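Not measured: the values here are computed from a predicted model.
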Amino acid sequence: MRSLLILNGPNLNMLGTRQPEIYGHLRLEDIEASSIAYAEKLGFACVCAQSNHEGTLVTKIQEARGVHDAIILNAGAYTHTSIALMDAIIAAEVPTIELHLSNIHAREEFRHRSYIARVAVGQICGFGAKGYELAIDAAAGILETA
């Protein structure tokens, strides 16, 4: 069975209470549960993880090599600052989809730059929690043609 890693970065553990007008009212646990169920309907095993620590995220990406067939990464604020995450994606050689709940291109200027986009297969942003399903569909499509 093919496997997806859904990796969430800093502050996403605060979903549901943190700026719900931007990020919505669903908790991360709810998004993870629905993502796992959706992935399983498509025939994928799905593992979810979250960390507020850049090094932990780097390690999870590195460990995905040979274990997971694709990564869905919501790197949160590290999207705009982390060359380390970008380098880990390159080194892991696992197709990675960048995901954001909000439309980062319609927000503050500093959010427009993404180090992840440089190495991701594609980017999904602005669709709220529905973006996770869209990213799973995208991963399925990428793996179909691989």
Side-chain angles (χ1 to χ4, degrees), residues 1-19 22-105 107 111-146:
M1 179 181 281
R2 293 203 166 188
S3 178
L4 302 176
L5 171 63
I6 298 177
L7 191 55
N8 288 289
N11 297 310
L12 290 161
N13 58 309
M14 300 296 293
L15 288 177
T17 58
R18 176 185 174 229
Q19 295 176 286
I22 295 173
Y23 300 110
H25 295 280
L26 289 175
R27 297 174 310 134
L28 181 60
E29 295 82 8
D30 301 324
I31 294 171
E32 288 177 337
S34 64
S35 296
I36 291 168
Y38 188 75
E40 287 175 353
K41 285 182 192 175
L42 298 180
F44 290 96
C46 183
V47 174
C48 297
Q50 187 276 332
S51 180
N52 292 319
H53 305 283
E54 184 179 25
T56 301
L57 296 169
V58 167
T59 299
K60 294 277 187 198
I61 292 167
Q62 291 172 349
E63 291 172 346
R65 185 181 182 140
V67 176
H68 299 289
D69 298 290
I71 299 169
I72 296 168
L73 175 61
N74 185 341
Y78 289 138
T79 299
H80 320 292
T81 63
S82 183
I83 295 167
L85 288 177
M86 179 184 74
D87 286 346
I89 292 166
I90 293 168
E93 298 181 334
V94 177
T96 301
I97 297 165
E98 179 181 353
L99 172 65
H100 300 282
L101 293 163
S102 67
N103 181 352
I104 61 173
H105 305 290
R107 295 186 63 195
R111 294 186 196 275
H112 298 183
R113 165 181 247 148
S114 169
Y115 286 101
I116 306 305
R118 297 170 183 257
V119 295
V121 174
Q123 181 187 76
I124 296 170
C125 66
F127 295 98
K130 179 71 174 170
Y132 285 83
E133 286 184 12
L134 296 172
I136 292 167
D137 286 337
I142 290 163
L143 295 174
E144 249 177 40
T145 60

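At distances below 3.5 Å, at least one donor-acceptor pair connects side-chain atoms of N52 with backbone N or O atoms of N11. In terms of modelled atom types and a separation under 3.5 Å, the side chain of R2 and the main chain of L143 share a donor-acceptor contact. Remark: the backbone N or O of L101 is not paired with any side-chain donor or acceptor of Y132 at under 3.5 angstrom.
Here the side chains of N8 and I31 are not in contact, with every heavy-atom distance at 4.5 Å or above. Inter-residue side-chain proximity for I104 and H112 is flagged as unmet; no heavy-atom pair is nearer than 4.5 Å. Side-chain atoms of I136 and I6, non-hydrogen and from C-beta on, do get closer than 4.5 Å to each other. Looking at heavy atoms from C-beta onward, D30 lies out of side-chain contact with L15 at the 4.5 angstrom threshold.
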**Study point:** Steps toward side chain to side chain contact (heavy atoms under 4.5 Å, CB included) verdict (I89, I71)
**Key:** CA-CA 9 Å; I89 292 166; I71 299 169; 5.8 Å; no
Practice item. Show your working on side chain to side chain contact (heavy atoms under 4.5 Å, CB included) between V119 and T96 and close with a plain yes or no. Key: CA-CA 8 Å; V119 295; T96 301; over 6 Å; no
**Study point:** Derivation and outcome, side chain to side chain contact (heavy atoms under 4.5 Å, CB included), residues L7 and I72
**Key:** CA-CA 6 Å; L7 191 55; I72 296 168; over 6 Å; no
Exercise for review: Quick one: do Q50 and E29 satisfy side chain to side chain contact (heavy atoms under 4.5 Å, CB included)? Show the steps, please.
Suggested key: CA-CA 10 Å; Q50 187 276 332; E29 295 82 8; over 6 Å; no
Could you pull out all donor-acceptor pairs under 3.5 Å where a side-chain atom in residues 123-130 meets a protein atom, sequence neighbours excluded?
residue: Q123; atom: OE1; partner: H105; partner atom: NE2; Å: 2.8
residue: Q123; atom: NE2; partner: E98; partner atom: OE1; Å: 3.3
residue: Q123; atom: NE2; partner: E98; partner atom: OE2; Å: 3.1
residue: K130; atom: NZ; partner: E133; partner atom: OE1; Å: 2.8

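For N74 against H100, the heavy-atom pair with the smallest separation is OD1-ND1, 3.9 Å. Between L85 and A75, the closest heavy-atom pair is CD1-CB, 3.9 Å. Contact detail for C46 and S35: the closest heavy-atom pair is SG-O, 4.4 Å. Counting all heavy atoms, side chain and backbone alike, G43 lies closest to M1 at O-CG, 3.3 Å. In this structure, T56 and S51 approach most closely via the heavy-atom pair CB-OG, 3.3 Å. The two atoms that bring A92 and Q62 nearest to each other are CB-CA, 4.5 Å, heavy atoms only.
Considering I97, I142, L42 as possible partners of D137, the one that fulfils the side chain to side chain contact (heavy atoms under 4.5 Å, CB included) test is L42.
For the atom pair CG of L73 and CG of L5, the computed distance is 8.5 Å after rounding to the nearest 0.5 Å. The line from CG of L26 to CD of E32 is 12.0 Å long, rounded to the nearest 0.5 Å. Considering CD1 of I83 and CZ of R118, their distance stands at 8.5 Å, rounded to 0.5 Å. Interatomic distance, OH of Y115 versus NE2 of H80, reported as 11.5 Å (0.5 Å rounding).
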